[in-house]
2 protein chains.
Amino acid sequence: MVAKKNCILRLSRYKNELYRFKKLGFIKIFSEYLADAVGVTSAQVRKDFSLFDISGNKRGGYTIDALIEKLNVILGKNQIQKVVVVGAGNLGTALLRYKNFAKQGIRIEAAFDLDPAKGSQKSGVPVRPMTELETFLRRNDIKIGILCVPEVAAQSVFDAMVNGGIRGVLNFSPIQLKTPADCIVTNVNLEVELENLIYFVTAGQSAK
Amino acid sequence: MVAKKNCILRLSRYKNELYRFKKLGFIKIFSEYLADAVGVTSAQVRKDFSLFDISGNKRGGYTIDALIEKLNVILGKNQIQKVVVVGAGNLGTALLRYKNFAKQGIRIEAAFDLDPAKGSQKSGVPVRPMTELETFLRRNDIKIGILCVPEVAAQSVFDAMVNGGIRGVLNFSPIQLKTPADCIVTNVNLEVELENLIYFVTAGQSAK
DNA sequence: TAGATTGTTAATCGATTAACAATC
DNA sequence: TAGATTGTTAATCGATTAACAATC
């Protein structure tokens, strides 16, 4: 299975929308309706499903419960996923307190900062000194990390995370990290996203 | 000019990398080096530039200062861009204190929350009651907003922002907003991004 | 000049979608 | 059965890239 990134992103969104349909009392769903909710075509939905051998009933659509279950298995939602937050500044601390991760089975096991006194109030997540990072990661077998340190520290801290066994990083720092082949980085660059909105709004164009 | 979203995102990244090259003392740059820094092909760089009639010197590459200036004009960096943050919870408050926006000429004019007592400490940005949102937006001619309210409130608050004249929204809530044709929404869904990392890491695959 | 890089065209690649046979 | 939806193939669409003539 050589799934592509965009396909998996869509599976997540299908899953989220399916929970909403379920909450509304629906039992079955057609590819057409799910497509509308997510903003893609019905062919796209069926194509994505067929890549993962998810099948429905001709004429009857898909059973929502069964579909959610299958998507959850694919997306690893059947177990708690452990992550760490590295950098407990404004953004890192906000993430520690962010409720939606827990709802999605994502647990922040610890945060790390040069100054471990930072942000430890009322988030329930311990903030540990940066010196313990690699040991902690190895001992707890953590593979996913969220990087929220200042730009100047980003590459070296990232390297330490990789050393500790991290294989996937959500990077909030605005630099292009040098990344080994066996590690995946997803960049969230808020300045760049805003710049993009500004371009399309002030140029009076519609983004696509 | 029918610029596409990905092209503009690349222009932002070119610009950011160019500042780094400049800081290192470079005066000129070849498409090849810039491409390496950003992680694209040199043909992509030249193609993007040619779409905006940015030209270099055959054999001599591009002058960094002139290039930065042209990109800044395209991206609207020649003036301060006013934005608002709506929702002053954990994430919203973190954004109020986020230093990098100011560095990029993006100024948060105000934040809005049902409870205006929230988060006003030490960010320097006033938190106003939600009731003042539309009036403030119109009076200050603000077109860009960052939406950080809880999921249940997201659609109605978004509608109010649009009513107030907002034309571009950076949406942190995990729902698909119903959006009028003359408004652009960029979704930042951290749970979905993490889910995506988890998929590729635990499935042992490399993302692409 | 000879050599190297741009600017652009044409080819390639990959993702999305239309269309329809299969079938419940 | 007749009608409607799935599953999948083939066509389309768009974005990226290779290649190379132009030229500094």
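Residue numbers start from 1 in every chain, and the chains themselves are labelled A, B, ... in the order their sequence lines are given, proteins ahead of strands.
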| Is the number of heavy atoms from other residues, nucleotides or ligands under 6.0 Å of B:F21 CZ greater than 12? | yes
| field | Partners meeting salt bridge (Lys or Arg N to Asp or Glu O under 4.0 Å) with B:K58 (sequence neighbours left out) | value | none
| said: Tell me whether A:R20 is salt-bridged to B:E151, with the criterion being a basic N under 4.0 Å from an acidic carboxylate O. | reply: yes
| message | So, OP1 or OP2 of D:dG7: does either fall under 4.0 Å of a side-chain N or O from A:Y62? | response | yes
| Contacts of type salt bridge (Lys or Arg N to Asp or Glu O under 4.0 Å), residue B:K70, not counting sequence neighbours | none
| field | Integer-rounded Å distance: D:dG7 P and A:I54 CD1 | value | 10 Å
| said: With nearest nucleotide decided by heavy atoms, which residue, A:G60 or A:S50, maps closer to the 5′ end of DNA chain D? | reply: A:G60
| task | Would you mind reading off the distance between A:L9 atom CG and C:dT16 atom P, rounded to a whole angstrom? | result | 11 Å
| message | Whether the side chain of A:T186 engages the backbone of A:L170 through a donor-acceptor N/O pair (distance < 3.5 Å, no angle test) should be reported. | response | no
| field | A:L51 CG to D:dG7 P, straight-line distance once rounded to whole Å | value | 12 Å
| request: Using the criterion of both pairing distances under 3.5 Å for Watson-Crick and G-U wobble pairs, give all stems of 3 or more consecutive pairs involving DNA chain D. | output: C:3-24 with D:3-24
| said: Hydrogens and angles aside, do A:E193 and A:N189 bring a side-chain donor and acceptor to less than 3.5 Å of each other? | reply: no
| Restricting to pairs with a member in residues 75-87 of chain A, which pass salt bridge (Lys or Arg N to Asp or Glu O under 4.0 Å), not counting sequence neighbours? | A:K77-B:E195
| field | Interatomic distance, B:K47 NZ vs D:dA15 P [rounded to whole Å] | value | 10 Å
| remark: Assert: residue with more 5' nearest nucleotide on DNA chain C, out of A:R46 and A:N57, is A:R46
| Whole angstrom value for the distance that separates C1' of C:dA15 from CG of B:N6 | 13 Å
| What pairs of residues pass the side chain to side chain donor-acceptor pair (under 3.5 Å) test when at least one of them lies in residues 137-148 of chain A, not counting sequence neighbours? | A:E134-A:R138, A:D141-A:K143
| request: Find the distance A:D48:CG to D:dG7:C1' and express it as a whole number of Å. | output: 13 Å
| query | Picking from A:L34, A:I8, A:V38, what satisfies side-chain contact (heavy atoms from CB on, under 4.5 Å) with A:R13? | reply | A:V38
| Residue-level proximity of residues 21-44 of chain B to DNA chain D when a heavy atom falls under 4.0 Å | B:T41, B:A43, B:Q44
| B:K58 side chain: which of C:dC24, C:dT6, C:dT8 is closest? | C:dT6
| Considering only side-chain heavy atoms of B:R10, which listed nucleotide, C:dG7, D:dT16, C:dC24, is closest? | D:dT16
